[in-house]
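Reviewing the structure listed below.
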Amino acid sequence: MSRRTPRRPRRMPGMKGRQLGIVILLFFMLMLVAGVVLGFAFGVFDGVLAPAEATPPQVQISTPVIQATVSYAQETDESVTEPALVTATASAVVVESPTATISSPTPSPHVSPTVAHIATITSTPPPSVCSQISLQFLGVVSNVAQWRLQNANAFSLELTRAQIDWPQTNEAFYYIFLDGTMIWSNEDLAPPTGVINWMGTSADRLVDGAERLELLFGFSAAQSGYDLQLWFSNGCQVAASQ
């Protein structure tokens with residue numbers, strides 16, 4: 001028997017060229033993918049795919065120089081006014097971000113002149129005026145205690161305040177009369193009694209010359225045990241005890 005030689009498979013015409021083309025195409029695709037990956041890694045496509053963030057503008061705020069003139073009154077024997085110049089300079093502030101907090105500088109004024117303290121002057125009446133006022137206890141009639149109040153000055157004085165300490169046996173204190181005019185009305189059941197709120201007008205409490213001051217108590221008044229103090233609008237004070 002004769003042996004048959006196996007036949008080799010026939011190669012399709014053009015098969016080798018096609019395989020080579022596929023290999024070359026895969027190589028270029030691989031290179032393209034590698035280039036894209038490297039481009040993203042080094043940020044080559046950042047400006048193409050995403051717009052660059054805009055840089056916020058810088059804001060400059062300039063504060064002008066403030067000049068003010070301060071005057072001080074220095075009270076001595078002669079009135080003296082010394083001007084003082086207060087200068088405050090604020091530097092410009094640069095803000096990097098629009099959302100940043102803007103803080104204004106605080107000026108620090110410097111005042112050079114020394115200002116003297118202004119003394120408070122308290123008015124004191126001359127002793128010669130107060131010495132012309134006198135108060136004298138006259139006595140008690142029924143429930144009325146009487147005083148003689150005299151102002152020997154050439155001008156009238158206004159009665160502004162009274163402090164009366166009276167005997168508890170008088171039961172109560174009701175009225176004050178000055179030369180027949182009622183200038184106070186109330187009910188005080190325990191001594192002493194302070195009076196600053198008056199009836200009528202200030203003209204009813206003017207003392208010019210000799211005046212009769214009468215205090216009305218309960219059903220009866222003791223003959224002693226009184227302490228009366230009076231104050232006037234000019235600062236004078238007079239007192240009498242019995």
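Below, each value reflects all heavy atoms present in this structure, side chains not excepted, and no hydrogens, waters or symmetry copies.
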Could you tell me which non-hydrogen atom of Ala172 sits nearest to which non-hydrogen atom of Leu189, and how far apart they are? CB-CD2, 3.6 Å
Distance, nearest 0.5 Å, that separates CZ of Arg205 from CG of Asp179: 15.0 Å
Do Pro192 and Trp166 touch side chain to side chain, with heavy atoms closer than 4.5 Å? no
Donor-acceptor check, side chain of Gln242 to backbone of Leu228, threshold 3.5 angstrom: yes or no? no
Joint hydrophobic cluster, Tyr226 plus Val141, side-chain heavy atoms closer than 4.5 Å: no
Less than 3.5 Å apart, any donor N or O on the side chain of Tyr175 or Asn143 sitting next to an acceptor on the other? no
Take a 6.0 Å sphere around CZ of Phe219 and say whether it holds more than 12 heavy atoms from other residues, nucleotides or ligands. no
Quick one: pull up CE in Met199 and CD1 in Ile176 and give me the separation to the nearest 0.5 Å. 11.0 Å
So does Ala222 get a backbone contact from the side chain of Asn170, meaning a donor-acceptor N/O pair under 3.5 Å? yes
Strictly distance-based, threshold 3.5 Å: is any side-chain N or O of Asn153 a donor or acceptor partner for the main-chain N or O of Val129? yes
Between Gln237 and Gln229, is there a side-chain donor-acceptor contact under 3.5 Å, judged purely by atom types and distance? yes
Can you see which heavy atom on Glu211 is nearest to which on Leu206, and at what distance? OE2-O, 4.0 Å
Nearest 0.5 angstrom please: Gln132 CD to Phe155 CZ, how far? 9.0 Å
Hey, are Arg161 and Gln163 close enough side-chain-wise for a donor-acceptor pair under 3.5 Å? no
Without swapping roles, check the side chain of Asp208 against the backbone of Ser156 for a donor-acceptor pair under 3.5 Å. no
Rounded to the nearest 0.5 Å, how far does CZ of Arg212 lie from CZ of Arg148? 9.5 Å
Looking at every non-hydrogen atom in both residues, tell me the closest pair between Ala162 and Leu230 and how far apart they are. CB-CD2, 3.8 Å
How about Phe217 and Glu171: do any of their side-chain heavy atoms sit closer than 4.5 Å? no
Please report whether the ring centroid of Phe173 lies less than 6.0 Å from that of Trp184. yes
Just how far is it from atom OG1 of Thr193 to atom CG of Asp165, taken to the nearest 0.5 Å? 8.5 Å
Flag side-chain contact, heavy atom, 4.5 Å: Phe177 against Leu216: yes
Report yes if the side chains of Leu25 and Phe27 come closer than 4.5 Å at any heavy-atom pair, otherwise no. no
Contact between Ile164 and Asp227 at the side-chain level, heavy atoms closer than 4.5 Å - yes or no? no
Closest non-hydrogen contact found for Thr160 with Phe232 is OG1-C, 3.7 Å
Where is the tightest heavy-atom contact between Pro191 and Gln168, given as atom of each residue plus distance? CD-OE1, 3.0 Å
Would you mind reporting whether Val144 and Leu215 have side-chain heavy atoms less than 4.5 Å apart? no
Answer whether the closest heavy-atom distance between the side chains of Tyr174 and Glu187 falls below 4.5 Å. yes
Return yes when atom CD1 of Ile196 has more than 12 non-hydrogen atoms of other residues, nucleotides or ligands closer than 6.0 Å, and no otherwise. no
Side-chain touch Val238/Trp231, heavy atoms, less than 4.5 angstrom: no
Out of curiosity, Leu178 CG to Leu149 CG, how far, rounded to the nearest 0.5 Å? 7.0 Å
Would the Phe137 and Trp147 ring centres measure less than 6.0 Å apart? yes
Could you give me the CA-CA distance, side-chain angles and deciding distance for Thr181 and Asp204, then say whether side chain to side chain donor-acceptor pair (under 3.5 Å) is met? CA-CA 7 Å; Thr181 301; Asp204 298 332; 5.3 Å; no
Might you point out which heavy atoms bring Ile133 and Cys236 nearest each other, and give the distance in Å? CD1-CB, 3.7 Å
Determine, using the 4.5 Å side-chain heavy-atom cutoff (strictly less than), whether Val23 and Leu32 are members of one ILVMFWY cluster. no
